[in-house]
Structure formats: C-alpha cells, structure tokens
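This structure is a prediction, so every number in the text was calculated from the model and none was measured. Below, read A as the first sequence line, B as the second, and so on, with proteins coming before strands; counting in each chain starts at 1.
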Amino acid sequence: MSDLNQALAEKYQGNFLKEVIDNVEEGDMVRMCMQCGVCAGSCPMGPHWEHTPQKIFMMIRANKRDEVLQSDSMWMCTSCYNCIARCPRELPITHIMHGLASYAKRLNLVPKEQPTAKFAQLFWDNLAKKGRVNELKLGISLYFMNGFGEGIKVAMGNQKLGMNMLKTKRMAINEAWGGHSVKDKSGFHAMLKKAAELESAAIEAHSK
Amino acid sequence: MSDEVKIGAYICKGCDLGNRLNTDQLEMIATREGRVALAKSHDFLCGEDGVKMIQDDLASGEANKVVIAACSRRAKTDAFSFEGVPTSRVNLREGVIWVRPETDEAQETTQEMAEDYVRMGCAEIKFMANPKPSEEQGTNRHVMVVGGGITGMTAALEAARAGYQVSIVEKSDALGGTAGQLYRRAPTRAPYADPEDTGVEPLIQMLEDDAKVTIYLNSVISSTDGAPGRFNIEITQGSDQLEIISCGSIIQASGMTPYDASQLTEFSYSDAPDVITQLELEALAKAADGGPIKRPSDGKEVKNVVFVQCAGQRSDKEGHLSYCSGHCCNTSIKQAMYFKDNALSSGTDPLDIQTTILFSDLRTPGAGGEDFYRSGQDKGVTFRKATVSAVSKDGKVSLNDLILDEEDTIDADLVVLATGMIPNSGRNNEREDELQTIKTQLEAEHKEVPQEMLDEIAIPVESILNLNYKQGSDLPQLVSGFNDSHFICFPYETRRTGIYAAGPTRRPMDTQQAQEDATGAAMKAIQAIENAGKGMAAHPRSGDLSYPTFRKEGCTQCKRCMMECPFGAIHSDEKGYPQYNEARCRRCGTCMGACPVRVISFENYSIDSVGQQIKACDIPDEFDEKPRLLVLACENDAYPALDMAAQNRFEYSAFVRVIPVRCLGSVNTIWITDALNSGYDGVVLMGCKKGDDYQCHFVKGSEMAHVRMSKIADTLQTLNLEEERVAVHEVAITDIQRVPELIDDMAKVVEEIGMSPFKF
Ligand code: SF4
Ligand code: SF4
Ligand code: SF4
C-alpha cells in the first residue's frame, strides 16, 4: 500500500463517499444513483465484471473502499456509453468508471496483471509522446505486451491482416520511423505536466 | 290531478330501436297486458319533441305515471326526469338490441326480450309512488369535530369558512396533536426539496380568532345521541358535564398513537438511550433549533445516524404492525435532511455527517415524493436497501444489504426507528361482542377460557363517541383497527351516517394527507347536514327521498332488520318493534331483503315492485325450448357493467331478464323462490365484492346477501330443484367482459340440467 493511499484511507476513515466526491472525476454524482440497475443490464461487459456499475455505486456509499478501489471492474469498461445513454438519473457512469480507475492507479491499487490496465498504460504512453496516437507502434507494443516470444507469435498470426492493411493504406509503414506529431509538442508536454501537477496537488491536499 | 292512476307508456324508436324491434307490437303489449292508459311511440324520445310529448300528457292529466321504454336507466337521466312523477325505465337499447345479433334468426327472441321488458316496466310502475320527504327533518348547521390535531383543526377551519358553526373537542390541554410535536414536515409544494413549516401555529391562531369556532380543551364526549341533522352531544371535562351541544354532523379526527417501540427488543430500544423513535427525534431537532443535533446519552453531536425503516411494521411477527404507516419513509428523508441542513447552516460540511436510511422498500407517496427522495440524495443522504437484524446497546447496527447481498454493520451515534402509527378508533364493539359470546359459550360448557382471551377482554379501551346506538358505542372498524371507510371509493364515509372519519384514524397517513382528508370530511359533513334537512339520503344514494317503512301488524319483532342494517339506522322501541331513523338510513334496502315476513318497503322500491316484474314475464312452456333466466344485478356496479358490455356490443343469451336492485342486500329470498316457482330455469345474482376489501357501496349489503343466499339450497331442495340453478357472483364495475359470460354460463347450466319442471 502506498503512503498516499494510507493517508487518504485514514483521512476519510469510514466515509468513502466523501473521498470519492472529493477526489474522483464526477464522483459527486455517485450519490444520485437510485439503484435501478439499468446500467448493469445495459453493459455489454456486465457479465465479465466483478461488480456492475450499480453495485460499484452502492459499494461506494456502503464504505467498501478496498473492494472498490482494488476491483477490476472499472478497468473493464469499454467506453461504449450504453449506460450513460440509458441511466434515468443521468449519471456520467462511463466517466465515473474512468475516474475511479485513474484514482485507483494513483493510489497504486490496480490489480496485478490486469491486461486492460496494461493496455491503458501503453495507450497513454504512446499518446503522451507526440500528442497523437501512433497506431503502428501501439499495435506492436500491444503484441509484445506480454514478452518477446509471445509478441512474435501474435505478430505472425496477424501477418496477413497487417499486409492487407498496408495495401489498403489503413496502416502507414513510415509511422515506424518517428511518426506524426502535434504542432506544438513542447507546449503539449507542458500542458500535461501542469495538469498532472494540479491533480496531484489536489489529492495531496486532501490526504492531509 | 285525480287519484286515478293513469300510466303513460312511451316507446322510443331512435338509436335503431325502431328498425330492430316491432314497436307497434310493444305498444300493443303495453296497452293490452300492461294495462296502461296510453302507449305512444316516438322517433326520438329524448329529443325536445319527444320529451315535450310526455310533458304535455302529464300537464293535461292524460298520464300521471310514466314508463319509458328506451335506453338504460343510467342514460338520458336529465331528459327523462319529470318532477314528482314516478317513472319506470325499460331498457330496450343496452338491455336488448345492443346485446343481440342483428340477424333474422335472432329476431324472434330479441323481440320477445323487448316485450318482456315492457311487461316488466308496466308491472313495476304500478308499485311505484312518489317518495315524499320524511317527517323527521331538521337543519342544524353545526359541525362537531372530535380531535384537535391537524386533521380536526383543518376540518374545523374548512367548515367554519363555509359558514357553519363548529365545536372542537380536544382531550389534551392544547390544540396541535401529533403534528404539533414536529419540528418540520415533509414538503407539500414544489419543488419538494426541503422540509417545511408544519403550519400548526397559524392554524391554531386562525381557529382561536374565528367567531364560528368554539374550542373545548381537556374535554371528551361522554354521550352521542340522535341522527344526522339532530345529534345531541354531551361534552365532559374531568368529572364535570360541560354542555350538551346539538349539531348536524360529526367529524371524528381522533388521530393516532405511536407504536410502543419497547416491544422491539431486537433493536435495544428500551436499553439504549441513543436508539429512539422518529417522534423522539423531532423533539431533539426542536431542541437543536437549526444547530447541531445532539444525542440523548451524552449530548455528543451526532456524526453518524442510521434510520431503520419499517421497524415493527409491514411484518407478520407477533406484536408487529402488519401495515405500512405511509409517512415514515418521507419522514426519515426529512429527518436525515435535518442533519444535513443544520450542518450547512452551522458551517460544517454536510458530507461529514453520515445519514443512512436502511429500507427494504422505500415508499414516498404523494406528488412530491420522488422529488423529495431525489433531493435527499442530492443532500448526500445514503439509501441502502437492507434488512436490519439487530441494533446493539452501543449503536452497532447489523444489517443484510440486499443489493450487495452481504452482511454488514454500521457503528452509529444515533439510531432512529421508523415505528408505525396505531389508530385511535375507540372501542371495537364487534370484537367485544364476539369475545363475550365465545366466553359465555365456553363457560356454559364448563370449558376453560383461554388466557389471551381474558387478557384481551381485560384491556380497557376508551370510547371516543359514546354513541347511544343499539349497534355499539363507536364507529365500526374494518382492518387493523382503523375506522371503517372505503380507502378509495368513498373515503370518510363510515357505517354511521352523518359521522365522518378523517385522518389517521381511518388509514395511516402523513399530515398533508390528513389535511386533504379533513377537507373532504368537512364537505361530507356539510352535505350530510343539508341532505338531512331536506329528508334526503347521504352517500351513495345522495338526494334520495324514499325511505323504508314497515307494516307493524305483520312484524314479528324478529329483529333481523336491526341486525342486518349496515348503518345502525334501526333502533328498537320498548316493545321490540323496529324504530327507523330515516336520517341515518342510506336507503340500501338491506332491511327489506332481510325481513322474513316482508313487511318493509320503500315508496318506489318494494317486494312487489320487483316481485311483480318477475311474475310479469312470459314463461314459454317446456317444449318451446326457450328457458328463462333471471338476473338480479346491483345497480351500483353490476348493472353499469352490463350497460358497458352492451356498449361494447358483447352479446349474451336472449333468454335472460335483468332487474336492477339497489344493493344485493335488498334481495329478499322470496323473489328467488317466486321466480323458481313460476318457471324460471335459473337465477343469477350479481353484487359487489364483499369482505375486508369490499366494494359494496353499502359496505355490508353484499355480504348479508351472500349469507342469506347460502341458505337458499334448502329451499331448492324442498322444491326438488338443482342447486346450480341459483348462482351468486361478486362483480366489479370493470368486469365488462365477465358479466355476459356469467349469464351465458347459467344458460349452459340450464342446457345441461334441463328445463325447470315448474312451467305452466
Ligand atoms: S442506471 Fe443510473 S440510477 Fe440506475 S443503477 Fe445505474 S447508475 Fe444508478
Ligand atoms: S461505458 Fe463502460 S460501464 Fe458503461 S456500458 Fe459501456 S462498458 Fe459498461
Ligand atoms: S338496511 Fe338500508 S334501507 Fe334499511 S334502514 Fe338500514 S340503511 Fe336504511
């Protein structure tokens, strides 16, 4: 457990709802969930999660801090937005899921070997570099996510698909050397840094 | 106008009646068999011309009684109402052509149906006189309100503002009742977001300032006598009789008593000072007056409060209340808001005070209920669907979360139990009689009387009205000790005419509902006064001038009428003869149906007015293969259902003849034996639903009829007839599809068992 996690847990002792409202993006909407279960029934990933969004929201209000933050649930959200479209109380469920994931990551509580978390990290690193997603590199790093041998195997398996994508210009081979970028790369990096600082400072402050 | 009876029969040819039926033939039947003075047809009888034709005949003295053969008696009532003229309605439209197919084969039986109905109308009219107001009328524009809580106060104010004199009798030393003990109440108007002022203080002020209102504190009613329009009420204070007040009607707003929470040992109520009831929290909130709410044990500011819904309610456990008290979910939301709102106003983050409502079903009735719930969530109140198994002395709440499906505990500073309300409904005379009868019987048999029974008998219950009625001292009770009234169809109406129950004495409710109730009851009380003054009936035959009388020479003093009258309208005189209180009577006719020697009748509804219709029908002989079925249908629900079936063109057997009755309770068994004796093949009775969830407009009428009819089997046996020939059904007004089926079912039964042997 990280020190930050410990500090926050102590600070909000027994009042996890308040912790979520203070620290999780759009977490204040958690209190408005009326437990109708529509999101749980709408989620295409529903059967594969430990807890449905409905349950996650109830658990937050029932002070189930560890169970929520350590669960794989919010990591399974595919951002399909089915639940947001249907929630009668208009909760930004998808965003809350991502907010929770991000908070759990900051507190170092992501389940070990959670593939979706790994992928999210790859995606972020890829994007943060130049402000644009480099699909070729993202694809390759994805193949090699679980080691070299495995990567070769997966790459071989997808060989035909890759060739076809190249032929139809769905994939640009020159992306392998450098790739495209936003105009003001350093400005972009400065922006990310500032945002990260602000976020950390806010959470840091809440932990005191 | 001479005394000579001159019946005018008018047959309508409109609405396709002229095409479907041979109206010349109907005219002839009216004249030859019905022996009417004149019979006329008209193309459009309910139109101006048609009505004028009838009015002219009445004015010239050609006719002084009228038979209208047209549509149902429930249609065109305005056109066919001739003041002071007895009128019989023959239902040829909904009763005949609309329920029969328009085919050549059907023509003969359809025409026969119409002819019979004309015969029946002509027979009925001979036994109908114009009802005159009773002799006992008196108008007393004074309303007595029993109970000075929010219900009683609102009722009093409403009646006073309508110009009526009001007396309020309150047992305690102040007005206000339970509502007066509240800090705030759940909101009654948009946006339904925050608790609002109870409004009790200004209400008390308005009553004190109103010259039409007299308030009696520390007082009870020691005796109530009389009938609507002329009640005499004795008010007593301590041991002193204060005054005798005569008034026209009474509103009983005796309120409720909180459930005794010490019975909930699993919630440590008696052992833990910080486990309290909702009403006790109101006192804490009043004391805090907007500041932090402190718990009773050590005065610590409450940081974590848990509300346990349905504590001892909606449960079939011994000693628990089986019902929902209706207000407690909204009350808990309101009280959780006390904590949140007070935190905000004292500069604390409301999120730092945890308020959890544990419910198994959250019920927030009323227009604003959902908004109020949402506002509670918005303020950070946590709702958990859970059952609570125990609360320990130090406030540990053990629960089973029904969403997360797991056991859990909450360490609370304060636990609030949502315990229910118990009606203050006076003595349960019916139960007392029942217990006494069993006890006497057991003692006579030298058997031991069970202890619970002795205990129950020993609990003293104070009467609220102290009625000097043969039928008991208080309003009858329905379920769970609440004073009788139909929750939906006719609230406030009790089985004691002119006495209206309002507020939590008739069903569990919150203050807003109680005020709505009070307004309704005040209107009813006013109507009762005005109707009584004119000698008219109250609900449901409001405005009816007819009332029952009995032929003393025939009466055997059997007391059946006194026992069966659902409204306690009949007293007995010194000799044991019935003594009618017309103003208490609702004109249901149950007494008429009950009387074994058939001496009770109304001017326009009697054993003969129906009996002669039964006999007027033409009964074809056995070999015609045309059975005859009699349907006696309650005019409140079954008859309208038949009309609506007709509007939908649902067809039924052409062999049936339907007679509407005021209430199934008014059906005298003689009608059935007469019908069977004269060759009817089957009899179907249709009345309203009986029992605790009754729909009978006369509350007990249908039930009485069912009891009476359960004995009809013996009669059938002596006649050597099959039991299946008589059927009794409970019918609701919505049974539009079912009523034709019930008729056809009887037709099938007759087909199977064969025709009656009594055809001559
Ligand atoms: S759909 Fe919305 S209100 Fe319903 S359970 Fe899901 S989050 Fe709650
Ligand atoms: S956005 Fe996420 S939580 Fe919502 S339905 Fe899709 S996968 Fe489920
Ligand atoms: S039984 Fe009905 S009609 Fe007869 S006295 Fe009672 S209320 Fe009146």
* B:Asn304 versus chain A, heavy atoms under 4.5 Å apart: side chain, backbone, both or neither? -> neither
* Heavy-atom check, side chain of B:Gln354 versus side chain of A:Leu17, under 4.5 Å -> no
* **Part of B:Asp349 lying under 4.5 Å from any heavy atom of chain A** => side chain
* Structure fact -> Residue from A:Gln35, A:Arg61, A:Met58 scoring the most non-hydrogen pairs under 4.5 Å with chain B is A:Met58
* Asked: chain A contacts: which residues in residues 358-390 of chain B have a non-hydrogen atom closer than 4.5 Å to it?
  -> B:Glu370, B:Tyr373, B:Arg374, B:Gln377, B:Asp378, B:Gly380, B:Thr382, B:Phe383, B:Arg384
* Heavy-atom count around B:Glu280 CD within 6.0 Å, excluding the residue itself: above 12? -> yes
* Asked: Around A:Met32, counting heavy atoms of other residues, nucleotides and ligands shown, do more than 12 lie under 6.0 Å from its CE?
  -> yes
* **Least distance between heavy atoms, A:Asn15 atom then B:Leu351 atom** => ND2-O, 2.8 Å
* Hey, is NZ on B:Lys300 packed in by over 12 heavy atoms from elsewhere, all under 6.0 Å? -> yes
* Is A:Glu25 atom CD crowded by more than 12 heavy atoms from other residues, nucleotides or ligands, each under 6.0 Å away? -> no
* To do: Might you confirm whether atom NZ of A:Lys129 has over 12 heavy atoms from other residues, nucleotides or ligands at distances under 6.0 Å?
  => no
* Please flag which part of A:Asn63 lies under 4.5 Å from any non-hydrogen atom of chain B: side chain, backbone, both or neither. => side chain
* Is the number of heavy atoms from other residues, nucleotides or ligands under 6.0 Å of B:Asp693 CG greater than 12? -> yes
* Answer yes or no: are there more than 12 heavy-atom neighbours, outside A:Leu198 itself, under 6.0 Å from its atom CG? => yes
* Residues, nucleotides or ligands: over 12 heavy atoms within 6.0 Å of A:Lys137 NZ -> yes
* What distance do B:Ile403 atom CD1 and A:Phe57 atom CZ have between them, rounded to the nearest 0.5 Å? -> 13.0 Å
* To do: Considering non-hydrogen atoms only, spot the tightest contact between B:Leu404 and A:Ala62 and give its length.
  => CD1-CB, 4.1 Å
* To do: Would you mind checking which part of A:Met29 comes under 4.5 Å of any heavy atom in chain B, side chain (CB onward), backbone (N, CA, C, O), both or neither?
  => neither
